[in-house]
Participant: 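Got a structure here, written out as structure tokens. Questions coming.
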Amino acid sequence: MTGAGLAAGLVAGLALPGLLSGLLYEMAPTDPASFAGAAALLLVVATAACLAPALRALAIQPIRALRYE
């Protein structure tokens with residue numbers, strides 16, 4: 001899901017540079033470093049958000065989880 005969101009955001013960002021040009025100061029709307037930095041930051045945040053619940057789920061034994069329900 002993160003990859004799909006990043007792809008959609010990059011496509012939209014490249015397709016709509018006219019809307020972004022008014023918000024940016026002394027920078028091109030299609031600056032590759034900005035796109036790469038934003039994508040990397042979002043990927044790290046999404047990974048960190050998914051990692052905590054996954055590690056917590058790994059700590060539970062499957063038989064205990066089945067008996068709970």
Side-chain angles (χ1 to χ4, degrees):
M1 289 177 65
T2 303
L6 283 173
L10 288 174
V11 168
L14 290 172
L16 304 169
L19 295 176
L20 295 175
S21 63
L23 300 173
L24 302 173
Y25 182 71
E26 293 183 11
M27 188 156 88
T30 56
D31 182 36
S34 297
F35 275 93
L41 178 66
L42 289 174
L43 188 61
V44 167
V45 169
T47 302
C50 294
L51 191 61
L55 291 175
R56 200 170 347 148
L58 282 173
I60 298 172
Q61 295 178 359
I63 193 68
R64 293 183 92 189
L66 292 171
R67 284 186 184 162
Y68 180 73
E69 293 192 20

Participant: In Å, rounded to the nearest 0.5 Å, how long is the span from OG1 of T2 to CG of L42?
Facilitator: 9.0 Å
Participant: Which atoms form the tightest heavy-atom contact between P53 and A49, and what is the distance?
Facilitator: CD-O, 3.2 Å
Participant: Please determine whether residues L51 and L58 belong to a single hydrophobic cluster, defined as Ile, Leu, Val, Met, Phe, Trp and Tyr linked transitively by side-chain heavy-atom distances below 4.5 Å.
Facilitator: yes
